[in-house]
K.L.:
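Attaching a single structure in structure tokens format; questions to follow.
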Amino acid sequence: MKLLENLNEAQREAVEYNKTPHMIVAGAGSGKTRVLTYKIAYVLKEKMCEPENILALTFTNKAANEMKERIIELVGKKASKIWMGTFHSIFARILRAESEKLDYRPNFSIYDREDSISLVNNIITALNLNIDLSPSAIHHKISHFKNHMISVDEYIEHIAKTSLDRKIGEIYKEYEIRIKENNSMDFDDLLLKPIELFNKYPRVLQHYRGQFKYILVDEFQDTNHAQYELIQMLYNRLVKICVVGDDAQSIYGWRGADIGNMLNFEKDFPKTKIFRLEQNYRSTKTILKAADSLIKNNKDQIQKTLWTDNPDGDKISLMRCSDEKDEAFQIARRIKKEITSRKLKLSDVAILYRINAQSRALEEALRREKLPYKIIGGVEFYRRKEIKDIVGYLRVLANQDDEESLLRIMNFPQRGIGNTSITKMIEFARRLNLTLFQTMGRIFEVIEVKERIQKNVKGFKQFLDKYISLKDELSLSELTSAMVDELGILRMYKEENSAESMQRYANIQELLRSIQEFTENNKKATIDDYLAEVSLISGIDQFSESDAVIPLMTVHSAKGLEFPVVFLTGCEEDIFPLNPKFDEDARLEEERRLFYVALTRAKEKVIITYARSRYRFGEVAYQARSRFIEELDPETVDEVEGIGKGRSRRKRKSYYDEFYQEGFDEDYNQERRSLRVGSRVVHELFGQGKILAINGQGDMQKVSVDFEEHGTKHLLVKFANLRLI
DNA sequence: AACTCGGTTTTTTTT
DNA sequence: AAACCGAGTT
Ligand SMILES: Nc1ncnc2c1ncn2[C@@H]1O[C@H](COP(=O)(O)OP(=O)(O)OP(=O)(O)O)[C@@H](O)[C@H]1O
């Protein structure tokens, strides 16, 4: 059979196995995704299953779309009927169909992180709580509870101990009430509500068990408890299940993903058969060797072998840069070199970083060097203020109970409804058990609101009513354009005429274009349809290999992708690994896995860069290079001295002059002048130690010193009286 | 009561 | 660097 010719022996076995639950455990680039793709194609070709009986869960929408396309190529159009998507999108779809059973309406809104945080914020204000945690930290906790399926009652009764915990409990409780009343769900709900649904309605579960006869999960190492529970629920003896993962690539622990899911699978699913793939088709021997030497430093991992027939290839280049600008320019120049020497397309080169904030300097340099690029993810298109404003309007038109969205647009553009009046309206709404939208319809009863403002509210309500009633008459695209026009938002940004406002102007036009496109693809598309799609769109979904641009993205976003050349930037302590707390091994190990993921994206060449100094939080920070660099097998790494080579650097003085001039005040005495990352110092009280980092300047300059006897201390240089040894 | 300006706090990674 | 908050202004 032709299909299987494109696979090696081990892969073929995994594809052909179709009996008990099975798990494919294999390292990077060994063809896990390929096996999953071919497996589905094989199942369809052998008619073991109809396409609509297959449930394939991927990590991103992009991965799902690509896999589906590939399967269509292999077995034809019928494959488009496969249920393929992320856990979130698939279960959102199921929830829309079954919403009434959970006392929701099908037009429920989906809250992203920002919406959730804003809800938390509103709750803190409404409850008049005095709490030290930021709304974002609280939301993180709530999300953690939900991910771990800790209910409000359970938390309040059994877990909350301190008074802070009790406050968090109160917020959590109110959060769940409010989000429900808003006919809205957050990302966690998209996984939890289906569990609730299946528990409450065994017949519904029965239905979906009958529906999904073959379940396949990619990137299984990054599933969380709720996702695990869901596949356990959907599984029974008649259902076939195959999961695929690499524990070394688990990088979403911070949001509830648990490698334990891979370890438990064998126990929880009867007669599990494990497959291993050991041949890597992606990378050179050198890259694999480097990646292996790094990941060996992690304690807990499933034993795996990985080898390749590919050539040795180039060593990893390690580029030292003076600061983030220098780094960016060296990268830009190096890209030009690599593209010509390797005859590559722009999209064959990826620039990866740990945090989005690093992209600024890179963008600037690429722009100046006239290299087309695209930021993937980052401040995602749909998360920008101006876009969320418009989407906020659409959400209210679709779901008037969505109070968060209503609050967002209430006074944008400014229409003279300020905070005080809004608070009064909300108080009124709660008192009479009305929604905010209903309250707007009865605004003249809210006597606390001034008459002039009541009129503004009435005007706004009429505006919304008008477009709500136009929903059935105009197409999605016509409706949005008309509304945006009447709102005068575009005009407003144009008149402001700043660089920022023009960018916003352009973004809104882009949004209108994309809505138009959406409408053209489906003439009957409703606002609900559109929102359902955009709420779950992710940054990486916007990336296409066929664009002639250099992709810039976080390492997280690069998961599952591959590029001939990969630049891994900002490899300094405190950036990558980011915030390594010395006592948190698990966190550090996850950072190491992330580094491993970054390395293994490359087919031919990896270039690692680090900068001696970098602007962070508005101040210059001096950091040692990443410990992960030191962990790489030295035979695989080639240090290139980048400083002074390039055009933009040549004009400057020597590297050292620059280093001291920018980092230290003139009047510093000799001793302080030569404090450097890595210097050994003595402190009167703490004894000997090594400088880990230097932050800030002048009197505020601080050093982090790892003392042999006393551990790490952060000291003000001015008072520390450190002596060099 | 809303708006505006300046000072303060707050920072991963994302479905 | 950007969002947020609060005091002073319209
Ligand atoms: N049998 C094979 N013959 C030729 N190429 C293969 C074979 N198997 C996999 N490949 C290629 O190897 C590369 C990696 O495959 P794939 O993305 O499926 O690996 P993966 O295990 O999912 O990787 P990762 O864990 O890094 O996401 C792809 O370019 C794929 O086309």
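Just so we're on the same page: letters track the sequence lines, and every chain starts at 1. Just so it is clear, the structure is predicted and the values come from calculations on it, not from any experiment.
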K.L.:
Students often get this wrong, so: under 4.0 angstrom with heavy atoms, is Ile575(A) touching a base, only sugar-phosphate, or nothing?
P.N.:
nothing

K.L.:
Mark yes or no for whether Ser501(A), through its side chain, and Tyr493(A), through its backbone, hold a donor-acceptor pair below 3.5 Å.
P.N.:
yes

K.L.:
Indicate whether OP1 or OP2 belonging to dT11(B) is found under 4.0 Å from a side-chain N or O atom of Ser134(A).
P.N.:
yes

K.L.:
Using a cut-off of strictly less than 4.0 Å, decide whether Asn411(A) has a side-chain nitrogen or oxygen near OP1 or OP2 of dC3(B).
P.N.:
yes

K.L.:
Across the strands shown, which category fits Phe87(A) at heavy-atom distances under 4.0 angstrom: base, sugar-phosphate, nothing?
P.N.:
nothing

K.L.:
Please classify the nucleic acid contact of Leu191(A) as base, sugar-phosphate, or nothing, using heavy-atom distances under 4.0 Å.
P.N.:
nothing

K.L.:
To the nearest Å, how far apart are Asn121(A) CG and dC5(C) P?
P.N.:
6 Å

K.L.:
With respect to the side chain of Ile453(A), which nucleotide from dA1(B), dT12(B), dT14(B) is positioned closest?
P.N.:
dA1(B)

K.L.:
Quick one: label Arg354(A) by what it contacts on the DNA or RNA (base, sugar-phosphate, nothing), any heavy atom closer than 4.0 Å.
P.N.:
base

K.L.:
When you match Leu536(A) and Arg415(A) each to their closest nucleotide on DNA chain B, which lands nearer the 5' end?
P.N.:
Arg415(A)

K.L.:
State, without any angle test, whether Tyr111(A) and Ser118(A) hold a side-chain donor-acceptor pair at a distance under 3.5 Å.
P.N.:
no

K.L.:
What is the distance, rounded to the nearest whole Å, between atom CD of Glu590(A) and atom C1' of dT14(B)?
P.N.:
12 Å

K.L.:
To the nearest Å, how far apart are Leu190(A) CG and dT14(B) C1'?
P.N.:
14 Å

K.L.:
Walk me through whether Gln227(A) and Asn261(A) qualify under side chain to side chain donor-acceptor pair (under 3.5 Å).
P.N.:
CA-CA 10 Å; Gln227(A) 290 165 330; Asn261(A) 288 169; over 6 Å; no

K.L.:
Could you tell me the separation between the CZ atom of Arg592(A) and the P atom of dT12(B), rounded to a whole number of Å?
P.N.:
23 Å

K.L.:
With P as the reference atom in both, quote the distance from dT13(B) to dC4(C) in angstrom, rounded to an integer.
P.N.:
16 Å

K.L.:
Can you tell me the distance, in whole Å, between the NE2 atom of His139(A) and the P atom of dT11(B)?
P.N.:
13 Å

K.L.:
Report the distance from atom CD1 of Ile110(A) to atom P of dT15(B), rounded to the nearest whole Å.
P.N.:
13 Å

K.L.:
Taking CG from Asn356(A) and P from dT10(B), how many angstroms apart are they, rounded to a whole number?
P.N.:
21 Å

K.L.:
When the distance from CD1 of Ile375(A) to P of dT14(B) is rounded to whole Å, what number comes out?
P.N.:
12 Å

K.L.:
For dA2(B), does OP1 or OP2 lie under 4.0 Å from any side-chain N or O of Gln414(A)?
P.N.:
no

K.L.:
Between Glu631(A) and Asn297(A), is the side chain to side chain donor-acceptor pair (under 3.5 Å) condition met? List the steps.
P.N.:
CA-CA 8 Å; Glu631(A) 289 173 8; Asn297(A) 292 285; 3.3 Å; yes

K.L.:
Using a cut-off of 4.0 Å on non-hydrogen atoms, how would the nucleic acid contact of Asp112(A) be classed: base, sugar-phosphate, or nothing?
P.N.:
nothing

K.L.:
Across the strands shown, which category fits Ser421(A) at heavy-atom distances under 4.0 angstrom: base, sugar-phosphate, nothing?
P.N.:
sugar-phosphate

K.L.:
Within the stacking criterion (centroid distance below 5.5 Å, interplanar angle below 30°), does Trp254(A) stack on dT13(B)?
P.N.:
yes

K.L.:
Taking only side-chain nitrogens and oxygens of Ser557(A), does any of them come within less than 4.0 Å of OP1 or OP2 of dT13(B)?
P.N.:
no

K.L.:
Classify the nucleic acid contact of Asp188(A) as base, sugar-phosphate or nothing, counting any heavy atom under 4.0 Å across all strands shown.
P.N.:
nothing

K.L.:
The side chain of Arg587(A) is closest to which nucleotide in this list: dA1(B), dT12(B), dT15(B)?
P.N.:
dT12(B)

K.L.:
Can you confirm if the NZ or CZ of Arg601(A) lies within 45° of the ring axis of Phe563(A) and under 6.0 Å from the centre of its six-membered ring?
P.N.:
no

K.L.:
Heavy-atom count check: over 12 atoms from other residues, nucleotides or ligands less than 6.0 Å from Lys458(A) NZ?
P.N.:
no

K.L.:
Report the residue (Lys450(A) or Ser136(A)) whose heavy-atom-nearest nucleotide on DNA chain B is the more 5′ of the two.
P.N.:
Lys450(A)

